[in-house]
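Following: one structure in structure tokens, then a few remarks.
Chain naming here is simple, since letters A, B, ... match the order of the sequence lines and numbering starts at 1 in each. Fair warning: this is a prediction, and the values are worked out from it, not measured in the lab.
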2 protein chains.
Amino acid sequence: MALDSASQNQRRSAEPEVVVERLPLYVRILTRLLQEGAEVVSSQQLGEKLQVTPAQIRKDLSYFGRFGKQGRGYSVIHLLERLKLILGLNSFWNVAVVGVGRLGRAILSYPGFTPDGFHLVAAFDSNPDVVGETVAGLTVNSLEQLDEIVSSKKISIAIVAVPTEHTQGVVDRLVACGVRAVLNYAPISPQVREGVRVRNIDPVLSLQSMTYYLTDHSVE
Amino acid sequence: MALDSASQNQRRSAEPEVVVERLPLYVRILTRLLQEGAEVVSSQQLGEKLQVTPAQIRKDLSYFGRFGKQGRGYSVIHLLERLKLILGLNSFWNVAVVGVGRLGRAILSYPGFTPDGFHLVAAFDSNPDVVGETVAGLTVNSLEQLDEIVSSKKISIAIVAVPTEHTQGVVDRLVACGVRAVLNYAPISPQVREGVRVRNIDPVLSLQSMTYYLTDHSVE
DNA sequence: TAGATTGTTAATCGATTAACAATC
DNA sequence: TAGATTGTTAATCGATTAACAATC
């Protein structure tokens, strides 16, 4: 009788998504510590830098393995290496940018993605005036070419910066040709099938929740 | 004997921050419903549109008042009005942008903030070549003028898009001259005193947590 | 009135923290 | 060895969901 995949893999209890979302923060801090020449770090020290409890750090890491030494702490370089491996940050990821308006251009020109293994390898826009233009070293393709290029270039991540009303349609097409992670800048939350990840970047929501705390509620 | 402020204000249990962060989503959906001509909406219908349970919507709203009618639901226009009032979205907010590089320019030119009552009224940059330039109708000021202009223009919100190494310093200055809400685009989390709000926009973190799910973990 | 839906309390779920035996 | 710190279990905390009396 076949074992189910969970028991085959000897998996401990599944890692919550909130924990996965914190791992990149750990990677960032460890990268800085490595640059500063630190060799070992304790959960206590990491917690201080990240403003979280040491218990949370140890618990988070325990979902993925045993990386520390009692009495000593974690080797900065080894823990960093393991976390990057777990997050897939040692791989190169081909990324498409869809929508080359003002925001799309800022994203394409932003140097912050590349150091982390994200390669912007294709850009798309529906505007014929923009198609053919070179932005940040990339020639802008028309949306008609999307399916072909996404498949041929093995693009699994897309950054979508198109007008709100086109977002769901664009995301649907991307998912249909193999994209499994979408970073969306439109103020909606596109719906995708199970197994596809979406993260929304929505600064207006952030501002709108902060104003709550700037507002006097004594009379309501 | 003086009552403590909680009992003076007849406050029910304090609203959790997660709830405040959802209110702008409710405002957004209700705005759309109003445009579509809907007059009444139930927690059930709102829940379907937002992909959350109706119970969560009713519970969230209950922290701020009783807005519905049993057997009928919520008046779209009235609930929208009340939520905007609670969030301070009927006020105008003067906003400064600090850092007029590529990202700052994209932010200044982005039309999406204005409709929601956020007025970009001042821009600052440390680069003398940029100071004096006009971007999106605003003359860029030098950082020396920051304190004076933030105070005189009653700016309580700042959008910070400066290099990482200058971020904490800039935020400290902003807070010192009265800013109480910061939208930060650098890949760090600036520390601020109690009572000041910070939201970080950090697309790299979003990408880095998504790659986890694109990665094969069977051999680790 | 009968049916529908709220507002709220209680139950459940999940995430965080504390505590401590194991062990470097 | 003695001291320090992990990894993990149990306790706590907080957020979500279910259930239902109140009531439109």
Side-chain angles (χ1 to χ4, degrees), chain A residues 10-26 29-30 33 38-83 86 209 212 220, chain B residues 6 10-26 29-30 33 38-80 82-83 86 209 212 220:
Chain A
Q10 296 288 333
R11 290 275 235 91
R12 71 207 96 223
S13 57
E15 62 294 339
E17 182 141 0
V18 283
V19 175
V20 173
E21 285 175 11
R22 280 193 292 264
L23 296 187
L25 289 169
Y26 300 164
I29 289 284
L30 289 164
L33 285 169
E39 295 191 347
V40 170
V41 69
S42 67
S43 59
Q44 171 76 43
Q45 294 170 309
L46 282 175
E48 278 163 19
K49 294 196 181 288
L50 287 160
Q51 306 274 64
V52 302
T53 62
Q56 177 164 85
I57 287 174
R58 295 201 302 277
K59 180 83 168 130
D60 282 0
L61 296 178
S62 77
Y63 286 105
F64 304 97
R66 290 181 309 279
F67 307 115
K69 282 211 186 358
Q70 282 103 323
R72 200 163 145 67
Y74 302 89
S75 153
V76 171
I77 195 167
H78 288 131
L79 180 56
L80 177 58
E81 224 25 57
R82 294 296 301 276
L83 291 180
I86 289 165
S209 64
Y212 175 79
E220 277 152 27
Chain B
Q10 297 286 334
R11 291 275 235 89
R12 71 206 95 223
S13 57
E15 63 294 339
E17 182 140 0
V18 283
V19 175
V20 173
E21 285 175 11
R22 281 194 291 265
L23 296 187
L25 289 169
Y26 300 164
I29 287 285
L30 289 164
L33 285 169
E39 295 190 348
V40 170
V41 69
S42 66
S43 59
Q44 171 76 43
Q45 293 169 308
L46 282 175
E48 280 163 20
K49 294 196 181 289
L50 288 160
Q51 306 274 65
V52 301
T53 63
Q56 179 164 83
I57 288 174
R58 295 200 302 276
K59 181 85 166 121
D60 282 359
L61 297 178
S62 76
Y63 286 104
F64 304 97
R66 291 180 308 279
F67 307 116
K69 282 211 187 359
Q70 283 102 323
R72 199 161 147 67
Y74 302 89
S75 153
V76 171
I77 195 166
H78 289 130
L79 180 56
L80 176 58
R82 295 296 301 276
L83 291 180
I86 289 164
S209 65
Y212 174 80
E220 277 155 29

Inset, instruction - Starting from C1' on dT23(D), measure out to CD on Gln70(B) and report it in whole angstrom. - result: 4 Å
Inset, instruction - Specify the separation, in whole Å, of atom CG of Leu79(B) and atom C1' of dG7(C). - result: 14 Å
Legend entry - dT16(D) OP1/OP2 closer than 4.0 Å to side-chain N/O of Tyr63(B): no
Inset, instruction - Nearest whole angstrom, please: distance from the P of dT5(D) to the CD of Gln44(A). - result: 8 Å
Legend entry - Short side-chain N/O contact to dA15(C) OP1/OP2 from Arg22(A), under 4.0 Å: no
Inset, instruction - Could you verify whether a donor N or O on one side chain and an acceptor N or O on the other, from Glu21(A) and Tyr212(B), lie under 3.5 Å apart? - result: no
Inset, instruction - For the side chain of Lys59(B), starting at C-beta, report the closest nucleotide among dT17(C), dT17(D), dT6(D). - result: dT17(D)
Legend entry - 5′-ward residue of the pair Ser43(B)/Thr53(A) relative to DNA chain C: Ser43(B)
Inset, instruction - Would you mind telling me which of dT8(C), dT5(C), dT8(D) lies closest to the side-chain atoms of Ser62(A)? - result: dT8(D)
Inset, instruction - Starting at atom CZ of Phe67(A), determine the distance to atom P of dC24(C), rounded to an integer number of angstrom. - result: 17 Å
Inset, instruction - May I ask you to say what Arg58(B) touches in the nucleic acid, namely base, sugar-phosphate or nothing, with a heavy-atom cut-off under 4.0 Å? - result: base
Inset, instruction - Would you mind reporting whether Leu30(A) and Tyr74(A) have side-chain heavy atoms less than 4.5 Å apart? - result: no
Legend entry - Gln45(A) (side chain) donor-acceptor with Ser42(A) (main chain) under 3.5 angstrom: yes
Inset, instruction - Could you tell me the separation between the OG1 atom of Thr53(B) and the CD atom of Glu48(B), rounded to the nearest 0.5 Å? - result: 12.0 Å
Inset, instruction - Rounded to the nearest angstrom, tell me the gap between atom CZ in Arg72(B) and atom P in dT23(D). - result: 19 Å
Legend entry - Rounded distance (Å) that lies between atom C1' of dT6(C) and atom NE2 of His78(B): 17 Å
Inset, instruction - Look at Tyr74(B) and dA4(C) and indicate whether a side-chain polar atom (N or O) is within less than 4.0 Å of OP1 or OP2. - result: no
Inset, instruction - Name the pairing partner of dA22(C), where a pair is Watson-Crick or G-U wobble with both distances under 3.5 Å, or state none. - result: dT5(D)
Legend entry - Euclidean distance, atom CZ of residue Arg66(B) to atom C1' of dT5(C) [Å, nearest integer]: 16 Å
Inset, instruction - For dT16(D), take OP1 and OP2 only and decide whether either is under 4.0 Å from a side-chain N or O of Gln56(B). - result: yes
Inset, instruction - Nearest whole angstrom, please: distance from the P of dA15(C) to the CG of Asp60(A). - result: 11 Å
Inset, instruction - Might you confirm whether atom CD of Glu17(A) has over 12 heavy atoms from other residues, nucleotides or ligands at distances under 6.0 Å? - result: yes
Inset, instruction - Determine which nucleotide pairs with dA11(D), using a 3.5 Å limit on both distances of a Watson-Crick or G-U wobble pair. - result: dT16(C)
